[in-house]
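Contents: one structure, followed by commentary.
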Amino acid sequence: MLKALRELNGGMTQDELAQESGVDVGLIQNYEQAKSLAREETVEKLAGALGASEAAFLAVQLRDRLFEEGTDEVAVVAQLLFQIAGAYDLAPYFEGGMLGVRGDGGYIEYAMAEWADARDEMGDAVLATCEDGLSEEERAKREAAADRSTEALKRFELGYDAPFDEGDYPNRPPRLGETVKRLRKAAGMTQGQLAKKSGASVFTVRAYEQGKRAPNEEQRAVIAKALGVPVETLTDFGISNPNEAFHFLMEAAHIYYLAPRRIGDAIVLCTRNDMYMEGLPKRPSLDKLFGDWFYARVDFQETGDSDAYQYWQDHYEE
């Protein structure tokens, strides 16, 4: 990400970024080579120097969670979508054979509409360069316009930071400890019983639930097994506000080749099907997830059984 942001800023060098941000050039090199992750205060400095959103730096960590060895990446995406939907404005979409997710009012819908506009502008500009019979001068003008709109889209995706009223969003996706506590209570277990079943001390379980300690990957898998859920259910994305949630959606879209589309009055994030898809590495389709979620939500709306709906989300595996 840092390299792409430097290129968007007139080909800024690592040394120039270090001077502008006050971050050591050696650290910048490590970040670009994925040898280490930037701390919160460092992210703030780099984002300010590059004109990017701090949320974009957080969201790029989704790739690390998805590609860990043994991880069911679609299940991770499922938990991401469920958590965003639980706190903000996101819902599954299925109509006319089209599957995806849509903004359900509020910040996410507004941001997706702006994103769709930026992508449409870029697409129109690129298509304009493909017309037959253009003079050399006109083609050059259109190619320059296409380059500008492509850069504008990149800046949008990396720098989107529209304000929001915190009072409109009193909730946020759960931290890992909160999820462990909820699942433990749903299973009718005490902290001592979960500790015994997972081979941990009761003090460790209490520390996890209070957010004072975080389990490593091996411990997380053991706790998930003790609670009877897939390990992906115990994923803490660290999302604290709707802007961060939107950046995670954009990051997932980049990985799984999704794009926002206007379908009637809805803005739907769905699988791309365009000329740029050719030659891209294969990724799992999310369409089954979208469809499964859509019908589970329909059942919930018809029955009002929130416990059954939550159980379905907690145990989702493709």
Side-chain angles (χ1 to χ4, degrees), residues 59 62 66 72-128 130 149-150 153-154 156-157 160 162 173 232 237 239 242-243 245-303 309 312-313 316-318:
L62 176 62
L66 289 170
D72 179 345
E73 57 186 277
V74 175
V76 173
V77 176
Q79 293 305 319
L80 172 65
L81 298 179
F82 300 158
Q83 289 186 25
I84 292 175
Y88 308 121
D89 314 300
L90 189 72
Y93 178 93
F94 182 26
E95 188 172 330
M98 182 66 68
L99 290 156
V101 293
R102 61 178 175 83
D104 194 22
Y107 190 94
I108 297 292
E109 183 173 13
Y110 176 81
M112 285 180 62
E114 290 200 294
W115 187 21
D117 288 342
R119 283 193 61 87
D120 288 346
E121 184 176 336
M122 184 272 291
D124 290 344
V126 171
L127 284 176
C130 300
S149 63
T150 300
L153 176 61
K154 289 180 181 178
F156 174 92
E157 293 178 341
Y160 191 79
E232 291 81 11
F237 298 97
I239 297 171
N243 180 252
F246 178 58
H247 275 275
F248 268 88
L249 287 177
M250 289 195 289
E251 186 65 22
H254 296 153
I255 297 169
Y256 295 101
Y257 312 135
L258 310 176
R261 288 182 56 185
R262 294 184 181 277
I263 303 177
D265 294 331
I267 307 294
V268 182
L269 188 61
C270 53
T271 302
R272 287 169 48 190
N273 184 18
D274 55 50
M275 61 183 178
Y276 304 107
M277 293 292 293
E278 187 176 349
L280 292 176
K282 289 190 177 297
R283 305 293 315 144
S285 171
L286 300 182
D287 282 354
K288 184 177 184 301
L289 163 59
F290 296 148
D292 290 345
W293 185 20
F294 177 85
Y295 284 112
R297 188 169 183 266
V298 168
D299 287 343
F300 163 60
Q301 291 173 326
E302 291 177 348
T303 65
Y309 185 48
W312 178 84
Q313 293 184 52
Y316 183 80
E317 291 180 290
E318 190 179 35

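Predicted model only: the values in this text are computed from it and were never measured.
To the nearest 0.5 Å, atom CD1 of residue Ile84 and atom CZ of residue Phe248 are 8.0 Å apart. A distance of 6.0 Å separates OG of Ser149 from CD of Glu121, quoted to the nearest 0.5 Å. For the atom pair OH of Tyr256 and CD of Glu251, the computed distance is 10.5 Å after rounding to the nearest 0.5 Å. Atom CG of residue Leu258 and atom CE of residue Met250 lie 13.0 Å apart, to the nearest 0.5 angstrom. Separating the CG atom in Leu269 from the CG atom in Leu90 is a distance of 8.5 Å, to the nearest 0.5 Å. To the nearest 0.5 Å, atom CG of residue Leu99 and atom CG of residue Leu286 are 10.5 Å apart.
Residues Leu62 and Phe237 have side chains in contact (heavy-atom distance under 4.5 Å, counting atoms from C-beta outward). The shortest distance between side-chain heavy atoms of Phe94 and Tyr295 falls below 4.5 Å. At a threshold of 4.5 Å between non-hydrogen side-chain atoms, the residues Tyr110 and Ile267 do not count as touching.
Under the rule for a salt bridge (charged side-chain N to carboxylate O under 4.0 Å, His left out), the partners of Asp117 that lie at least two apart in sequence or sit in another chain are Arg262. Tyr93 is linked by a side-chain hydrogen bond (donor to acceptor under 3.5 Å, both in side chains) to nothing, counting only residues two or more places apart in sequence or in another chain.
Taking the six-membered ring for Trp, Phe246 and Trp115 have ring centres closer than 6.0 Å. The aromatic ring centres of Trp312 and Phe82 sit less than 6.0 Å apart.
Taking every heavy atom of both residues into account, Ile263 and Met98 meet most closely at CD1-CG, 3.5 Å. Smallest separation of non-hydrogen atoms from Glu232 and Asp72: OE2-N, 2.9 Å. For the pair Ala245 and Ile108, the tightest heavy-atom approach, listed with the atom from each and the gap, is CB-CD1, 4.3 Å. Shown here for Glu109 and Asp104, the closest heavy-atom pair between the two residues is OE1-C, 3.9 Å. Nearest heavy-atom pair, Pro92 versus Phe290, reported as atom, atom and distance to 0.1 Å: CB-O, 4.0 Å. Taking all atoms of both residues into account, the shortest heavy-atom contact from Glu157 to His247 is O-CE1, 3.2 Å.
A donor-acceptor pair under 3.5 Å is formed between the side chain of Tyr257 and the backbone N or O of Pro281. No donor-acceptor distance shorter than 3.5 angstrom exists from the side chain of Glu317 to the backbone of Val74, with no hydrogens or angles considered.
Residue pairs satisfying the salt bridge (Lys or Arg N to Asp or Glu O under 4.0 Å) criterion with at least one member in residues 73-98, sequence neighbours excluded, are listed as follows: Glu73-Arg283.
Between the side chains of Tyr107 and Asn243, at least one donor N or O lies within less than 3.5 Å of an accepting N or O.
Heavy atoms from other residues, nucleotides or ligands lying under 6.0 Å from CD of Glu114 number more than 12. Enclosure of atom CZ in Phe294 by more than 12 non-hydrogen atoms of other residues, nucleotides or ligands within 6.0 angstrom is indicated.
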